[in-house]
Structure formats: structure tokens, C-alpha cells
Enquirer: 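Dropping the structure in here first, questions after.
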Amino acid sequence: MKRLYFFLFFFTLACHFSYSQFSYYRYDSIQVDQSGYALKFPWAGGLHNPELSEIDLNGDGIQDLFINERWGNFVDYGNKILTFINEGIADSVCYQYAPEYEKNFPYLNNWALLKDFNCDGKADIFASVPAGVGVYENDFSSGNGLSFSLYKDMLYYKNSSNYDVNVYVSSVDIPAIEDIDNDGDLDILTFDILGGYIDYYQNQTIQVYGNCDSLNYAHKSGCWGFFYETYYCGDYMLNDTCYNYMADDSQHKTKDQAHSGSTTLAMDIDGDHDQDLIIGDISCYALMFAHNGGDSSEAYISKVDSGFPDYDTPADINNFPASFAIDANNDGRKDIIAATNITNGGTSFDNCWYYKNVSIGDTSTFHLESKAFLQNDMIDVGQNAYPVFVDYNADHLLDLVVGNYCYYSNGQYISSLNLYQNTGSNAQPQYTLITRDWLSTSTLNLKSLYPTFGDIDNDGDLDMILGEEEGAIHLFTNSGGVGNPMNIVLTTAYYQSIDIGKSSTPQLIDVNKDNLLDLIIGNKTGRLSYYKNTGTITSPVFTNQTDSFGKVNVQIQGWYTGYSTPFLTMLDSTKKYYLYVGSESGKVYLYGNIDNNLNGKFTLIDSVIDHNIVGSRSAPTLADIDNDGKLEMAVGNFRGGLSIFKQSDSLVGIKEVKNTQNNLSFSLYPNPSKEVITVYCKDKGVSFFNVTIYNLTGQFINQYVCNNADRIQIDVSNLALGLYYCKISTKEKTGFTAFSVQK
């Protein structure tokens, strides 16, 4: 089913303030087969380090699924959220991807867990904030649907001096948020700032107020369970005296060698009505099971099993495993999902292990059902996905080649090209995975493989240039001939000694329209290089023209990387070029004003895909894959998956004068603007009008009233960079125009 859940409107500024309108929606109906199996949600975008929680998204009383994918960098740019509707079939894993709910969640960074803190039956959000925990309350209503409001920007407790102190949770950790003392409200267990002991923050709302409608914490213990985690994986000091002394024990390392970086899941696994722990640690592969030999009032960790579950197939996840409890199969028992908690590196393929709870009584027993929970229903090529459409087998259907940064297998990180053949028709594409190692590219010992295709030697077939992590490009020549399937082999490594620094992302395209293929190459910095073909149609010579093509720079503000991925194309009958650029932030930017301006600055129209739509490290490619005259856009991401979007309308240029009703005449200047715009109403006799500003998703920003004047000045310095449109209206007349905010 196609899910039309957002429309993005974009404007191309030209003379007389003209603009064009775009409309994209998800195109999830394209079937993808792997190993004879039709994927349920192939375009969901893959999983890398998922954190799973239950929530009723649509108010039907069934617990659906929320997944928080941490941002893969130290930049505070927000996580990717994925939402799945649970069909609720008993004893069945039956989720459907439902991206329409993702926009209802607030901006989140680092870890996030959903728990009902106020006992209203709706899962609230406990989320990482700097050095602590913030809370959003679930405001779901039948009339307004799912929404959240900030309840606490930071959780505090009172120390011995009656000062407020933040409930500390490391941003790299995952705490346990459960009812530890069985009193009906939610407590918090988390490793302390040094990473050795567990802090117990007791929620005293029930004790003090007799209900659970708020959060009131006390630091109950700095040594919950009387145990200490040492530097080494699986090494714990039990029956600890809870002092940070130098341990006089040759079997253990000193306590000051504890490490920061742990995940905790509290769950009554042995059925004795107190909380046991499942622990994962940074740089470790296994989960540890800590038996609670105490009770709900005072915990005592009596035993730690390495390799949970040791009676089945223990989790073996590289690295930093985490565990989450959900009822995955609708049988009323909490199952466990184990996944990596590392944001960059680690296991990036088959890294979501589903342990089914097969117990009958109170004691929980887990059996490994799958190593790719949900992943096995998505396109997922490992870490990072770099797609390109090309007809590799000459059947006049556009296939899909997807490069990757790498995937982890048998102790090694492997990069390769994945080939999905279009086994559908001209009108209805369908993709089938043929191989995960097309052209045996895994043997090249390169990382971050980024393909582009073009007829380099003018022999009538498409050759391939391959970008890679170290910044070079490599030429693969096709000897298949006209009308035949590709027969591609590596012919020239380090082609023409081109080296753009790090992470080359090339596109072969006739940039200057002289019938010779040129090269645009993105890189780690976020800028673009332009290599003009100064040779011939059969013997190209790529000569560097600039390393700041169009003055494009998608580097994240305040950071030093941007990971630009360019795609230059024509979108309509005007034959004008438009430039799409993917980025580390996850946005896909669109630029115009390219033709006859190759040495100038391109006009940033806006981001056609926001960072929270696909996730970080976006990589776009466009083609008309269903032969309807409009370009589809596939976008790869850091998680190793793909999302696909369809252009619903043709580009229609509309000038300001014609975009008015009843001939209202006005102007807006300067455009672009850094600080202030002036809106001037030219109609004689008009001394009162409204100016309403919207962003490009149609969201209201602000409204201004002009009284007894023909113009008004509006401060736009507080608006984010990009394009906006405004409505200028009197009682009888209305007009629209677009403007850009640039710094």
C-alpha cells in the first residue's frame, strides 16, 4: 500500500520572484524479493543500532512498536525514529511499517525508552538530555491522535544538603526504567559516572502522594545489588563493600579501571518477584545475566552468567550489545531483542536478535528465533547504502545497484556492491536480490563503495566508476557491447590519479552540456569537486575545475564533516539542471541556478528530504523507474537501508504576478534576506493588510498586520536557513510569494 503521509513544497527563486512547486510522497508499494521471499517493508530503511519500545500508536489498544536509531555521530542533530503498527494476531510477529507516526515524536538524541510513568495506560518518553534524563508525556486523544508534551526537561533528586541534583545517565548508556521496588511507580537503575557501580534512583511518588501521576526521585543507593563491574568483559566483583578502594585481589583489576559504557535491562527472569539484570558493555560482544538473590526492597547480585542466555544460543554482537523487552509475537509474554548499541561500526548486518520467551510459568526461558528481527523484511546492506539505478542486463528495465560502507561478517568488515534486478515491468517495477557481491567487489579490499555509470569510451555500453573511502576513483570498463548485459571488469585503479581526500562519491554527467561526460565528486568535507572532460568522447581527460562546485557545502554547522553525495539531473521539459545533494545530517538539499553558472554560486532551494525522514548519511539517486514521465528518488542512509519517494506533480513555474487573486500587486525585498524583509503593497488605497509566513511543509510560522501604511518590515533573523512563503492579504485580495533566508 502506498502511504501518502507528507507533502513537501519547494520553491525555485528566479527573476520576478518566480518559483516551482514539488510534491513527493513515499512509494512503498514497490515489491522487493530476497531468497524467494517478498519483503514486508523493504523501504523502511534498515536497522543499525535500534532501541525498541512498545507504544499504542493508533489508540486501538494493541501495543505497537517504536524504534529509536541513535544518530551516528557526536553531532547533536537528532535521531531517526521508526514506527510500526502491530496487527495483533496472537502468537504471530505481525508488524507493518507506519512512517506516518514518526513525525509525532519530539526531537530525540542518544538513548530513548518508552514507559508509562503516570499509569494512564499510555507510554511516555524517557530520553537522554545532557548528563541526565528528560521526560515527555503522551497526550494521545481520540480527536487529535498521538502527540507529546515536555513534562520534565531534567529529572532531579534532593541530595543530603537539600539541593537539586540531576539524575545522571551517561549519553552512551541505556538505563533500566522499571518498578524496582514493586510499589507501582517507575524507578531508574543506571551505572554511575565511573561505570563500576549501579545507582538506584527510587521514585517515591507512591510513598509520598499515594498515586503515580508524577515523578519524584531519591538517590536510594550508589551500589545497587552490592556488585562492581571491572574493566574486563564479564568480570564482576560480587558481595562488594561498595567503597572505591584499590582491591587487594590478584584475580581482579583495581576498581579505578572500570569503564563507562553499559546497557541495562531490568526484568524478573527467574520469577521470584524482584528485578534481575541483563547487562551489555562497550567493546564486549556478550550479554551478562545478573541474578538478583535479594528481594524487591534490597537487591543482592549473587551470580553473573556470562553469555546470556547460556542455555540457548548466547548473544554474540559486535559490539556493545543492548537488550530490550517487548511482546514481539502477541502471546502475552515479554520477549527479548538484543542489538548493538554502538553508533559507528559494530555489527551492521543481522544485528537484531529476537529471543522468544518460550516459558509457561513465571520463570522466563528464551530461545533464539532470528538474528534479523524486522531487518529480514527490509533492504539492508550493512552500514551506509549508496544506490544508483542502471540497466545492467539490457532488458530496458532499470535495476538497482547499492554500494555500502561495509558489513560485518566472520570478524571482518566487508564492502561490496549489492545487485537488485528489476524483475517487474516498465509500468510496475519489482526488485529481486541477485547478489550481495556483484563483480566480486568484496575482494578489492576497499571500503565505502560508491558507483556511478556512464559510457566513458563511447562504445555504446555503460562503464562504471567506483568511489571509495580513501578518496580515489577506479574505472571498470564494460566490454558487453550495445544491447548486451554488462561485462564489467576493473581496468584502471586510481583512475587518472584523481583523489579528493576522503569518501569520494562520484557522478558521471555532462555538466556543461558539450556532449562529453564530466565528473562531479562529493567528499567527506561536504563540498563538491567538478572535473571537466577536456579530452574527447572516446578518450576522456578529467581536469579539475573547482573543489567548491556551486559553492555547495552541506557540512553540519559547528562540525568538520558533511559527506556530500551529489546527483545532478533534469526534472522537467525546460531541460534545466537541478542538483540534489545528500549529507551527513540526513537532509537531501536541492539546488537550482546551475545552467550558465558553473563558476558561480548555486541557489539553495531547500531540503527536499529532512534529516528525520531517512536518517543520517543520505545518498539520493533519481530515475523514472515506472515510465510515467516523473522521477522517483531512492535515498540510502547510514543504517544501510533505502527509502523511496515518488514525484506526484510535474514542475510548474509560477511567477509572482500570476500567483495572485484579484490582481493584488506587491513586492518583497531583499530576497534572499539575512535579517529583515520589506513587504510593499502597491495597490492604491490599501493601508491595511496581513502578512502570514509559512515554512515549506505548510506549517504556520507567524502573522503580521500592517496598519495605515503601504509597507511593513519583518525581522526574519530568527528563522532557520532556507525558503519560506508568505501570504499577503486584504479583505478582498490575496497574493503569495516565496523568499529565502540566508546568512
Enquirer: Under 3.5 Å, is there a donor-acceptor pair between the Ser416 and Thr441 side chains?
Expert: no
Enquirer: Is the shortest distance from a Lys or Arg side-chain nitrogen in Glu51 or Arg70 to a carboxylate oxygen in the other one below 4.0 Å?
Expert: yes
Enquirer: What is the minimum heavy-atom distance between Leu466 and Leu449, and which atoms define it?
Expert: CD2-CD2, 3.9 Å
Enquirer: Out of Val635, Leu400, Ile625, which one pairs with Ile644 under the side-chain contact (heavy atoms from CB on, under 4.5 Å) rule?
Expert: Ile625
Enquirer: Are a donor atom and an acceptor atom from the side chains of Asn86 and Asn330 found within less than 3.5 Å of each other?
Expert: yes
Enquirer: Does any N or O in the side chain of Gln383 come within less than 3.5 Å of the main-chain N or O of Phe638, such that one atom is a donor and the other an acceptor?
Expert: no
Enquirer: Measure across Ala634 and Pro387 and return the closest heavy-atom pair with its distance rounded to 0.1 Å.
Expert: O-CG, 4.0 Å
Enquirer: Measure from the side-chain N and O atoms of Asp116 to the backbone N and O of Gly121, and report whether any donor-acceptor pair falls under 3.5 Å.
Expert: yes
Enquirer: Counting distance only, does the side-chain N/O of Asn68 pair as donor-acceptor with the main-chain N or O of Asn110 below 3.5 Å?
Expert: yes
Enquirer: Between the main-chain N or O of His48 and the side-chain N or O of Glu69, is there a donor-acceptor pair closer than 3.5 Å?
Expert: yes
Enquirer: Heavy atoms only: give me the nearest Val401-Pro451 pair and the separation to one decimal.
Expert: CG1-CG, 4.1 Å
Enquirer: With a 3.5 Å distance limit and no angle check, can you tell me whether Thr264 reaches the backbone of Ala176 through a side-chain donor-acceptor pair?
Expert: yes
Enquirer: Once side-chain hydrogen bond (donor to acceptor under 3.5 Å, both in side chains) is applied, do any residues pair with His367, and if so which ones, sequence neighbours excluded?
Expert: Asp312
Enquirer: For Asp377 and Tyr37, what are the C-alpha separation, side-chain angles and deciding distance, and is it a side-chain hydrogen bond (donor to acceptor under 3.5 Å, both in side chains)?
Expert: CA-CA 9 Å; Asp377 275 301; Tyr37 170 73; 2.6 Å; yes
Enquirer: If we ignore hydrogens and angles and just use 3.5 Å, is the side chain of Thr565 paired with the main-chain N or O of Ser618 as donor and acceptor?
Expert: yes
Enquirer: Answer with yes or no whether the side chains of Asp281 and Ser262 bring together a donor and an acceptor at under 3.5 Å.
Expert: yes
Enquirer: Determine, step by step, whether Phe126 and Leu114 satisfy the side-chain contact (heavy atoms from CB on, under 4.5 Å) criterion, reporting the C-alpha distance in whole Å, the side-chain angles of both residues, the deciding distance to 0.1 Å, and the verdict.
Expert: CA-CA 6 Å; Phe126 288 74; Leu114 273 53; over 6 Å; no
Enquirer: Hey, could you give me the CG/CG distance between Asp399 and Asn393, rounded to the nearest 0.5 Å?
Expert: 4.5 Å
Enquirer: Compare every heavy atom of Leu238 with every heavy atom of Ile301, then report the nearest pair and how far apart it is.
Expert: O-CD2, 3.9 Å
Enquirer: Any side-chain heavy atom of Asn109 sitting closer than 4.5 Å to one from Asn79?
Expert: yes
Enquirer: Any chance you could measure Asn104, atom CG, to Leu146, atom CG, to the nearest 0.5 Å?
Expert: 5.0 Å
Enquirer: Please examine the side chains of Ser616 and Ser585, heavy atoms only from C-beta on, and report whether any two atoms are closer than 4.5 Å.
Expert: no
Enquirer: Verify whether one side chain among Glu469 and Tyr405 offers a donor that lies under 3.5 Å from an acceptor in the other.
Expert: yes
Enquirer: Quick one: are Val32 and Thr432 in side-chain contact, heavy atoms under 4.5 Å?
Expert: no
Enquirer: Ring-plane angle category for Phe308 and Phe289, please: parallel below 30°, perpendicular beyond 60°, tilted otherwise.
Expert: tilted
Enquirer: I want to check something: taking the side chain as every heavy atom from C-beta on, are Pro429 and Asn422 in contact at a cut-off of under 4.5 Å?
Expert: yes
Enquirer: What's the spacing between Asp274 CG and His291 NE2 if we round to 0.5 Å?
Expert: 11.5 Å
Enquirer: Quick test of your reading of the model: are Asp335 and Arg333 salt-bridged, counting only N-O distances below 4.0 Å?
Expert: no
Enquirer: Tell me whether Glu470 is salt-bridged to Lys524, with the criterion being a basic N under 4.0 Å from an acidic carboxylate O.
Expert: no
Enquirer: Side chain of Thr505, backbone of Gly522: donor and acceptor closer than 3.5 Å?
Expert: yes
Enquirer: Does the side chain of Asn58 reach to within under 4.5 Å of the side chain of Ile85, using non-hydrogen atoms?
Expert: yes
Enquirer: Contact between Phe148 and Asn138 at the side-chain level, heavy atoms closer than 4.5 Å - yes or no?
Expert: yes
Enquirer: Find the distance between CG (Asp437) and CG (Leu417) and round it off to the nearest 0.5 Å.
Expert: 8.0 Å
Enquirer: If you apply the rule side-chain contact (heavy atoms from CB on, under 4.5 Å), what do you find for Phe324 with Leu265, and how did you get there?
Expert: CA-CA 7 Å; Phe324 308 91; Leu265 172 66; 5.7 Å; no
Enquirer: Let me confirm one number: the CZ-CD distance from Phe66 to Glu102, rounded to the nearest 0.5 Å.
Expert: 10.0 Å
Enquirer: Evaluate the criterion ring pair (Phe, Tyr, Trp, His ring centres under 6.0 Å) for residue pair Tyr354 and Phe373; output intermediate values, then yes/no.
Expert: CA-CA 6 Å; Tyr354 163 38; Phe373 178 68; 5.4 Å; yes
Enquirer: Determine, stepwise, if the pair Leu189 / Ile180 fulfils side-chain contact (heavy atoms from CB on, under 4.5 Å).
Expert: CA-CA 8 Å; Leu189 297 178; Ile180 301 300; 3.5 Å; yes
Enquirer: Is it true that a side-chain atom of Thr435 and a backbone atom of Leu419 form a donor plus acceptor pair closer than 3.5 Å?
Expert: no
Enquirer: Quick one: do the Asn351 and Gln375 side chains pair a donor with an acceptor below 3.5 Å?
Expert: yes
Enquirer: Ignoring hydrogens and angles, state whether a donor on the side chain of Tyr420 or Asp33 is under 3.5 Å from an acceptor on the partner side chain.
Expert: no
Enquirer: With sequence neighbours left out, write down each residue that passes ring pair (Phe, Tyr, Trp, His ring centres under 6.0 Å) with Phe41, or none if nothing qualifies.
Expert: Phe84
Enquirer: Quick one: closest heavy-atom pair of Ala322 and Ile174, and the distance?
Expert: CB-CD1, 3.9 Å
Enquirer: Do Glu468 and His474 get their side chains close enough for a donor-acceptor pair, meaning under 3.5 Å?
Expert: yes
Enquirer: side-chain contact (heavy atoms from CB on, under 4.5 Å), that's the test. Do Asp270 and Asp276 meet it? Break it down for me.
Expert: CA-CA 8 Å; Asp270 53 15; Asp276 308 296; 3.1 Å; yes
Enquirer: Using a 4.5 Å cut-off on heavy atoms from C-beta on, say whether the side chain of Thr263 contacts that of Ile279.
Expert: no
Enquirer: Find out whether Ile67 and Lys80 are in side-chain contact, i.e. whether some heavy atom of one side chain is under 4.5 Å from a heavy atom of the other.
Expert: no
Enquirer: Look at the rings of Tyr431 and Trp43 and say which category their plane angle falls in: under 30° parallel, 30 to 60° tilted, over 60° perpendicular.
Expert: perpendicular
Enquirer: Just say parallel, tilted or perpendicular for the rings of Phe227 and Tyr236, cut-offs at 30° and 60°.
Expert: tilted
Enquirer: Heavy atoms only: give me the nearest Leu374-Tyr95 pair and the separation to one decimal.
Expert: CD2-CD1, 4.1 Å
Enquirer: Answer yes or no: is there an ion pair linking Lys356 with Glu369, defined by an N-O contact shorter than 4.0 Å?
Expert: no
Enquirer: Flag the pair Glu178 and Lys115 as a salt bridge only when some basic side-chain nitrogen lies within less than 4.0 angstrom of an acidic carboxylate oxygen.
Expert: yes
Enquirer: Would you give the length of the straight line joining atom CZ of Phe105 to atom CD1 of Ile81, rounded to the nearest 0.5 angstrom?
Expert: 6.5 Å
Enquirer: Return the set of residues passing side-chain hydrogen bond (donor to acceptor under 3.5 Å, both in side chains) with Tyr386 (not counting sequence neighbours), or none when no residue passes.
Expert: Ser448
